[in-house]
Amino acid sequence: QVQLVESGGGLVQPGGSLRLSCAASGSSFSTNIVGWYRHPPGKQRELVAYITNGGITNYADSVKGRFTISRDNAKNTVYLQMNSLKPEDTAVYYCNADLRLYGGNWHAFGSWGQGTQVTVSS
C-alpha cells in the first residue's frame, strides 16, 4: 500500500505561484496514473490534473494553462506547479496514486494523504 504525503501549500496572493509535492512511500507508483484533487470549502472534491506512467497529462478546464503536473519516478514524487493563482483555487489539495477510468469517469482507488491547504487571498 502506498502512503502519500502532500506538501507545499500555503497562503499566496492572487497571481502568485506555489509548487505542491506528493511523496509516496511503501511502494513505487511508477506504473500508476497519479492525480491531484482539490476540495474547496463547501464544495465537492474535484480532479484537477492527472499524469500517466508515460507522462501524458490532462487538466481540468479551470486550471488549464496555469497548472502543470509532473512526476519524478526515481524520487517517487509527483508535483503540481500552480501559477497565476486565483481566489477560487483555494482548497485542500490531495494526491491519489491509483486512478482508473470506468464508465468514462476517473475514479481514485488509492489511499489519500492528509492534504495540503492552499489559500489564495489578498
Side-chain angles (χ1 to χ4, degrees):
Q1 186 79 0
V2 176
Q3 288 84 45
L4 304 173
V5 177
E6 300 95 339
S7 62
L11 173 64
V12 63
Q13 293 187 342
S17 298
L18 285 173
R19 187 195 196 204
L20 307 184
S21 297
C22 170
S25 62
S27 180
S28 171
F29 62 27
S30 61
T31 61
N32 291 6
I33 297 172
V34 182
W36 278 100
Y37 286 77
R38 66 184 180 188
H39 193 171
K43 298 182 180 180
Q44 289 188 331
R45 183 157 54 192
E46 60 178 349
L47 178 61
V48 173
Y50 67 81
I51 184 166
T52 69
N53 56 338
I56 296 172
T57 59
N58 192 271
Y59 300 90
D61 288 342
S62 58
V63 306
K64 204 169 291 185
R66 300 188 297 122
F67 290 11
T68 302
I69 188 171
S70 61
R71 65 193 298 166
D72 185 336
N73 288 334
K75 294 183 178 179
N76 235 17
T77 302
V78 172
Y79 304 97
L80 187 67
Q81 177 67 43
M82 306 187 297
N83 298 328
S84 302
L85 283 161
K86 304 175 181 180
E88 51 264 43
D89 295 318
T90 295
V92 180
Y93 283 72
Y94 301 87
C95 61
N96 194 285
D98 189 5
L99 267 62
R100 304 180 197 179
L101 187 63
Y102 286 105
N105 294 310
W106 288 100
H107 298 268
F109 281 80
S111 58
W112 297 97
Q114 84 289 348
T116 185
Q117 176 71 48
V118 172
T119 303
V120 185
S121 175
S122 55

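Just so you know, these numbers use all the heavy atoms, side chains as well, and skip hydrogens, waters and symmetry mates.
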Got a sec, which pairs hit disulfide (SG to SG under 2.5 Å) with one end in residues 35-122, sequence neighbours left out?
Cys22-Cys95
Path from Trp36 to Tyr79 over hydrophobic side-chain contacts below 4.5 Å
no
Working to the nearest 0.5 angstrom, can you tell me the gap between Arg66 CZ and Leu85 CG?
6.5 Å
Can you find a heavy atom in the side chain of Leu11 that is under 4.5 Å from one in the side chain of Ser121?
yes
Rounded to the nearest 0.5 Å, how far does NZ of Lys43 lie from CD of Glu88?
8.0 Å
Any chance you could pull the hydrophobic cluster mates of Val92, using side-chain heavy atoms under 4.5 angstrom and chaining through other members?
Ile33, Tyr37, Leu47, Tyr50, Tyr94, Leu99, Leu101, Trp106, Trp112
Closest heavy-atom contact between Gly9 and Thr116?
N-OG1, 3.0 Å
Taking Leu18 as the starting point, is it possible to reach Val63 by hopping between hydrophobic residues whose side chains are less than 4.5 Å apart?
yes
Identify the two heavy atoms, one from Gln117 and one from Ala91, that lie closest to each other, and give their separation to 0.1 Å.
NE2-O, 3.4 Å
How far does CD of Gln81 sit from CD1 of Ile69, to the nearest 0.5 angstrom?
12.0 Å
About how many Å separate NE2 of His39 and CD of Glu46, when rounded to the nearest 0.5 Å?
9.5 Å
Note: Leu4 and Ala24 closest approach over all heavy atoms is CD2-CB, 3.7 Å
Rounded at 0.5 Å granularity, tell me how far CZ in Arg19 sits from OG in Ser7.
9.5 Å
Can you name the nearest heavy-atom pair linking Ala97 to Asn32, along with the distance?
O-ND2, 2.6 Å
With rounding to the nearest 0.5 angstrom, report the OG to OH distance, Ser21 to Tyr93.
14.5 Å
Check step by step if side-chain contact (heavy atoms from CB on, under 4.5 Å) holds for Val118 and Leu20.
CA-CA 9 Å; Val118 172; Leu20 307 184; 4.0 Å; yes
Answer yes or no: is there a donor N or O on one side and an acceptor on the other, between the side chain of Thr90 and the main chain of Val120, under 3.5 Å?
yes
If you group Ile, Leu, Val, Met, Phe, Trp and Tyr by side-chain heavy-atom gaps below 4.5 Å, do Ile51 and Met82 land in one group?
yes
Kindly give the heavy-atom pair with the smallest separation between Ser84 and Ser17, and that separation in Å.
N-OG, 4.4 Å
Which pair of non-hydrogen atoms, one from Phe29 and one from Arg71, has the smallest distance, and what is that distance?
O-NH2, 2.8 Å
Please collect all side chain to side chain donor-acceptor pair (under 3.5 Å) contacts where either partner lies in residues 51-61, sequence neighbours excluded, each pair once.
Asp61-Lys64
Please check: side-chain N/O of Gln114 versus main-chain N/O of Val5, any donor-acceptor pairing under 3.5 Å?
no
